[in-house]
Amino acid sequence: MSMNSWIDISPTSDFSIYNLPYGIFIRDEKHTPGVAIGDSIVDLNACAKVGLFAHLGFDYSVFDDKVLNGFIACGKDAWSALRAFLTAELTSEGQLYEFREKVVVDRLNAVMCMPIEVGDYTDFYSSIEHATNVGKMFRPDNPLLPNWKHIPVGYHGRSSSIVISGTSLKRPSGQMMPPDAEKPVFGKSKRIDLELEMGFIIGKPTNLGESIAIEQAEEHIFGKVIFNDWSARDIQKWEYVPLGPFLGKNFGSSISPWIVTMEALEPFRCASIKQDPEVLPYLQYQGDKNFDINLEVGLTPQGDEETTIAKSNFKYMYWNMAQQLTHHTVNGCNVNVGDLMASGTISGKEKGSYGSLLELSWGGTEVVQLKNGKTRTFIEDNDTITIRAWCEKDGKRVGFGECNGKILP
Ligand code: MN
């Protein structure tokens with residue numbers, strides 16, 4: 001069944017009536033929670049103030065907060081109640097319509113902020129094509145390590161440097177070992193890269209000592225964002241043995257401003273890749289636990305046109321979110337509302353679907369062609385990287401908008 005809203009929504013908009021993602025924007029110099037719809041935002045704080053949420057059964061004073069953690073902590077019944085209310089009110093001329101001049105604002109000129117206070121951040125490494133490609137470059141004889149098909153491999157990253165889309169990052173300096181050099185050097189990274197990823201946000205906490213069973217795992221997920229795990233490959237290459245990524249990663253990671261809920265993504269479920277060999281019982285699951293989300297990466301040199309450098313899909317993930325979360329907590333590690341778990345770079349099988357320049361330029365040995373005769377191996381100063389993500393099925397579009405960032409000298 002298709003639905004129409006009294007708000008004008010272009011058929012190509014990421015923010016259709018089926019989406020209703022949550023974000024934080026600035027209104028009257030205040031951080032304000034909102035829901036995106038077409039080119040507009042429904043101001044949740046203003047709705048709460050005029051009494052629209054009084055009957056929804058959760059403490060709507062959470063919309064006075066500067067981030068969404070408080071609302072997310074209200075739990076799944078609150079998320080569903082608000083979604084159902086907004087869907088009904090946006091498709092009929094009721095109370096929200098009556099208050100529209102107070103509660104509906106322009107989205108296109110809105111300044112967006114971090115939607116959540118990120119607690120802990122974990123990055124997985126769950127695309128088999130990406131892990132194999134990187135493995136081939138770093139360890140030609142031994143691309144996929146023996147644990148990879150048994151464990152959703154990940155590492156604990158740093159949340160302090162996660163930034164909202166639109167934030168520029170300075171090219172990091174660090175220690176590197178140039179090829180054929182005898183000792184390491186210090187300087188600016190020459191191999192800045194992007195990683196095309198998606199992140200999910202924890203919506204239901206656990207206590208220390210508890211584990212999440214795989215069939216309950218999705219109950220703990222509030223929604224998803226686009227994630228760019230910026231990487232300094234030369235720093236990473238020198239530092240990663242034996243304990244993994246560190247300063248080559250934590251100089252910055254970007255997220256998209258709108259959190260698309262699991263409820264909105266429900267129609268886009270799909271099967272995952274068949275896992276062979278069979279995984280251990282605690283990682284075995286029933287049903288479709290992956291999602292068909294189109295992904296695209298654009299590179300825009302300063303003052304030039306954007307070139308699409310990669311097209312991928314979230315469905316290429318070997319390990320799904322439920323498996324990642326179950327594995328993460330199998331030892332009793334607790335999770336909290338606002339924790340962010342990223343997928344790892346999402347690459348497909350063909351070259352044009354690789355989710356990093358490391359793979360697209362095959363370790364810097366091949367150039368990536370841009371429009372107007374330009375080429376790249378890695379990201380140059382003042383290049384902007386834009387990642388887009390969207391689902392489309394039966395004429396319904398649910399998108400994430402974009403996640404962009406520029407690398408400054
Ligand atoms: Mn990563």
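Numbers here simply count residues along the sequence, with the first being 1. Whatever order the structure lists them in is the order used to number ligands and atoms, beginning at 1.
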Look at the rings of F71 and Y22 and say which category their plane angle falls in: under 30° parallel, 30 to 60° tilted, over 60° perpendicular. tilted

In terms of relative ring orientation, are W148 and Y318 parallel, tilted or perpendicular, with 30° and 60° separating the classes? tilted

N/O/S atom name from E195 that is nearest to the position of the Mn ion (ligand 1): OE1

Out of the N/O/S atoms in E197, what is the name of the one closest to the Mn ion (ligand 1)? OE2

Is the closest side-chain donor-acceptor distance between S80 and E263 under 3.5 Å? yes

Only one of E129, M137, K136, K351 forms a side-chain contact (heavy atoms from CB on, under 4.5 Å) with E359, so which one is it? M137

Given atoms OD2 of D123 and OD2 of D229, what angle do they subtend at the Mn ion (ligand 1), to the nearest 10 degrees? 80°

